[in-house]
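In what follows, a single structure is set out as structure tokens and then discussed.
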Amino acid sequence: MECHNCSAPVDSHTHLDSDEVKFPANGDFSICLYCGALAEFSNGSLIPLSNEIIEIIQKEDPETWYHLLEVQSMIRNENI
């Protein structure tokens with residue numbers, strides 16, 4: 001699997017809410033640690049977040065959207 005934006009390999013993952021090792025499930029979000037691109041796991045691949053999904057997250061879970069943008073900003077500013 002690779003990032004849809006920069007083609008970096010996606011060969012590991014971390015669940016932000018827990019130290020427990022969990023494999024990504026359909027609908028889980030991904031943030032590339034190389035470029036900060038946002039994506040969603042779907043059937044064993046990563047797909048870019050559509051405008052529709054972004055609008056749903058912003059409306060239904062603004063806290064999650066804020067955290068996604070916060071981590072994305074940290075990556076892009078190399079503060080991670």
Side-chain angles (χ1 to χ4, degrees):
M1 197 173 348
E2 62 183 36
C3 173
H4 66 86
N5 186 60
C6 72
S7 300
V10 177
D11 55 5
S12 64
H13 61 275
T14 302
H15 193 277
L16 297 178
D17 292 337
S18 165
D19 290 336
E20 180 182 347
V21 174
K22 296 181 181 180
F23 292 99
N26 284 342
D28 285 350
F29 300 118
S30 172
I31 304 173
C32 177
L33 287 176
Y34 294 94
C35 72
L38 300 174
E40 179 180 6
F41 286 96
S42 178
N43 299 319
S45 358
L46 286 173
I47 57 171
L49 291 185
S50 67
N51 288 335
E52 180 182 356
I53 295 295
I54 290 171
E55 289 175 11
I56 290 169
I57 300 167
Q58 289 172 331
K59 182 178 180 181
E60 295 181 8
D61 195 351
E63 185 176 350
T64 293
W65 182 246
Y66 170 80
H67 289 299
L68 287 170
L69 293 181
E70 183 177 48
V71 173
Q72 182 184 53
S73 177
M74 290 170 61
I75 291 166
R76 289 185 172 168
N77 292 318
E78 298 181 39
N79 292 326
I80 206 163

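Positions are given from 1, in the same order as the sequence printed here. Scope of the values below: all heavy atoms of this structure, side chains included, with no hydrogens, waters or symmetry mates.
Note that the CD atom of Q58 and the CG atom of N51 stand 9.0 Å from one another [nearest 0.5 Å]. Atom-to-atom distance recorded for S30:OG and D28:CG is 9.5 Å, nearest 0.5 angstrom. Expressed to the nearest 0.5 Å, how far CD of E55 lies from CG of L49 amounts to 12.0 Å. Rounding to the nearest 0.5 Å gives a distance of 7.0 Å between OG1 of T64 and CZ of F29. Remark: L38 CG to I47 CD1 distance equals 12.5 Å, nearest 0.5 Å.
Residues A25 and F41 approach most closely at O-CB, 3.6 Å, considering heavy atoms. Taking both residues in full, the closest heavy atoms of I75 and L33 are given as CG2-O, 3.6 Å, listed atom of the first, atom of the second, then distance. Contact record, A37 with N5: CB-CB, 3.6 Å, taken as the closest heavy-atom pair. Residues Y34 and P9 share a closest heavy-atom pair of CE1-O, 4.2 Å. Between Q72 and G36, the shortest heavy-atom distance links the atoms NE2-O, 2.9 Å.
Counting only heavy atoms from C-beta outward, the side chains of C32 and C6 approach each other to under 4.5 Å. Here the side chains of I54 and W65 are in contact, with some heavy-atom distance below 4.5 Å.
Under the 4.5 Å side-chain heavy-atom criterion for Ile, Leu, Val, Met, Phe, Trp and Tyr, L69 and I53 are members of the same hydrophobic cluster.
E70 CD: more than 12 foreign heavy atoms inside a 6.0 Å radius.
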